[in-house]
2 protein chains.
Amino acid sequence: MHTPNKSIIPVTLTTLKAACSQCNLRELCLPYGLSASEIEQIESMVGVRRRVKRQQHLYRAGETFEAIYAIRSGFFKTDVLLEDGRDQVTGFQMAGEILGMDGISGEAHTCNAVALEDSEICVIPFAHLERLSREIQALQRHFHQVMSREIVRDHGVMMLLGTMRAEERLATFLLNLSQRFTTRGYSPAEFHLRMTRDEIGSYLGLKLETVSRAFSRFQDEGFISVQQKHIRILDIAGLKKLLNHPPS
Amino acid sequence: MHTPNKSIIPVTLTTLKAACSQCNLRELCLPYGLSASEIEQIESMVGVRRRVKRQQHLYRAGETFEAIYAIRSGFFKTDVLLEDGRDQVTGFQMAGEILGMDGISGEAHTCNAVALEDSEICVIPFAHLERLSREIQALQRHFHQVMSREIVRDHGVMMLLGTMRAEERLATFLLNLSQRFTTRGYSPAEFHLRMTRDEIGSYLGLKLETVSRAFSRFQDEGFISVQQKHIRILDIAGLKKLLNHPPS
DNA sequence: TAGCCGTTTTGATTTGCGTCAACACGTCCA
DNA sequence: TGGACGTGTTGACGCAAATCAAAACGGCTA
């Protein structure tokens with residue numbers, strides 16, 4: 001039971017005070033559109049930063065809902081489970097995006113959030129967010145926009161699942177990732193997939209073999225180069241041509 | 001060009017003042033959980049009632065977003081369009097439900113809302129809703145829950161589209177309708193579909209022929225009786241047994 | 001360095017749903 | 001009353017993706 005005194009507080013539960021005003025994600029995240037003084041108020045709302053290691057859950061379906069989470073760094077997936085064991089990945093989230101809004105409607109979260117790489121998140125106690133957004137109009141406005149954006153995104157996924165064929169789904173997925181990496185200052189053409197083929201398939205309503213075959217075809221056509229999880233987009237126009245060509 | 005004087009104001013644009021306190025939907029709709037005096041304040045927010053005739057649009061994708069809408073009576077569908085003409089029904093909405101939240105994230109609506117029968121809606125100017133929900137905590141809370149519920153519902157549809165086979169999708173759809181009619185005081189076992197087979201198919205990611213065949217099979221099995229748009233559920237347990245049986 | 005395990009790729013085969021086509025039904029209007 | 005049109009049903013056939021199977025790859029650790 002001898003514990004070196006410096007490790008009494010586990011490093012994985014860092015309770016660093018958040019500093020939105022210093023955060024380079026503030027234009028992507030909740031503080032968007034706020035004045036400097038308003039951002040200071042926000043900092044009091046954002047409780048702490050928390051590290052979540054790869055494969056760890058940030059929250060699970062059924063857990064009491066208390067806070068939403070802003071991703072400071074890292075990569076997450078959310079998924080829902082059916083009683084019979086089937087599950088569906090409902091989204092992949094990256095830095096600056098908000099997690100946990102599914103829990104607002106009830107007492108508990110309705111899906112699982114799992115880190116796909118070591119990540120850091122800012123905890124935003126929901127009661128605190130509601131209190132502040134009654135005072136700061138710009139915060140209220142932006143939070144509503146964030147929730148609405150999630151609804152619009154979901155409609156896009158429904159469209160994808162309901163009307164697109166396999167290759168069009170994967171092309172849409174890659175172009176979406178590329179665009180989001182670009183917004184965050186990364187290369188639009190070269191990136192590392194954090195998720196497995198199985199997880200991509202679950203999100204796109206396809207089996208992993210189908211995802212793999214589509215990747216191979218894209219490579220054969222010269223649209224992309226694939227090496228395991230490393231993707232390089234070689235012909236963005238080629239990928240985009242796969243879109244908007246209805247099956248019938 | 002002779003116009004009878006009594007029809008100068010078209011009847012379809014009734015500008016009746018809303019009266020939430022008298023409305024029998026208040027426990028399903030936005031005023032849920034508010035005190036009598038708070039509901040009075042709400043009435044000032046809800047602008048007017050408007051009639052929307054069958055097949056008319058309540059709003060269209062691209063139109064400037066200004067208000068959300070509470071359905072007082074009637075039935076709607078929402079759908080999104082792809083440039084190439086493909087479209088997907090994203091939802092069917094009935095009395096007490098809220099329409100238009102897709103528009104909050106930007107300047108404009110991102111989908112179309114069409115009445116599937118003559119309907120009446122309450123117009124809720126969004127700026128007014130935000131102002132009031134800064135003052136009335138219970139309203140703020142409930143509005144957030146309504147938005148979150150929409151996100152959770154969308155996740156359910158993604159699950160349906162991503163993992164279920166045709167008959168399971170249709171059974172889920174029928175059970176969901178039945179449940180919502182029940183909540184509204186109608187029969188859980190007998191109802192009238194307001195949408196065509198094509199619209200059901202679009203929502204469920206199936207072709208209309210597949211929907212029709214599934215209806216026929218359900219009837220053959222004795223789960224339901226179908227006569228055009230009139231549905232009678234004969235064996236709810238039978239329908240439920242179709243759920244939770246994964247394909248593989 | 002060898003051996004194991006999770007992940008990915010590729011091939012052969014099956015199948016559920018889409019597609020195409022014909023016909024039945026109900027409603028509207030001439 | 002009849003014919004046109006929108007909607008729904010049913011059958012025959014084809015195809016995209018699922019399923020089943022096996023082997024290759026890369027990252028571990030013993």
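Hydrogens, waters and symmetry mates are skipped; everything else that's a heavy atom, side chains included, is used. Throughout, a chain's letter reflects where its sequence line sits, starting with A, and its residues are numbered from 1.
The separation between A:Phe218 atom CZ and C:dT9 atom C1' is 16 Å, rounded to whole Å. Rounded to whole Å, the distance from CG on A:Leu161 to P on D:dA17 is 13 Å. Between the P atom of C:dT10 and the CZ atom of A:Arg217 lies a distance of 13 Å, rounded to the nearest Å. Per the geometry, CG belonging to A:Leu204 stands 11 Å off P belonging to D:dA18, to the nearest Å. Between the CZ atom of B:Arg169 and the C1' atom of C:dG16 there is a distance of 11 Å, given to the nearest Å. Look at NZ on A:Lys207: it is 15 Å from P on C:dT8, rounded to the nearest Å. Rounded to whole Å, the distance from CD on A:Glu167 to P on D:dA18 is 12 Å. Across the protein-nucleic acid pair, A:His230 atom NE2 and D:dG26 atom P stand 14 Å apart, rounded to whole Å.
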Annotated protein contacts, base or backbone, on nucleotides 5-16 of chain D with a non-hydrogen cut-off under 4.0 Å, one of B, S, - each: ---SBBBB---S
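The aromatic rings of B:His109 and B:Phe65 stand perpendicular to each other, their planes meeting at an angle above 60°, with 30° marking the opposite boundary. Note: A:Tyr69 and A:Tyr59 have parallel aromatic rings, judged against thresholds of 30 and 60 degrees for the angle between ring planes.
Counting non-hydrogen atoms under 4.0 angstrom, B:Gly201 reaches nothing in the nucleic acid.
In this structure, A:Ser212 contributes its side chain and A:Leu208 its backbone to no donor-acceptor pair below 3.5 Å. Checking side-chain atoms of B:Arg72 against main-chain N and O of B:Ile121 turns up no donor-acceptor pair under 3.5 Å.
Across all non-hydrogen atoms, the minimal contact from A:Arg153 to A:Thr90 is NH2-O, 3.1 Å. Between A:Ile200 and A:Leu193, the shortest heavy-atom contact is CD1-CD1, 4.1 Å.
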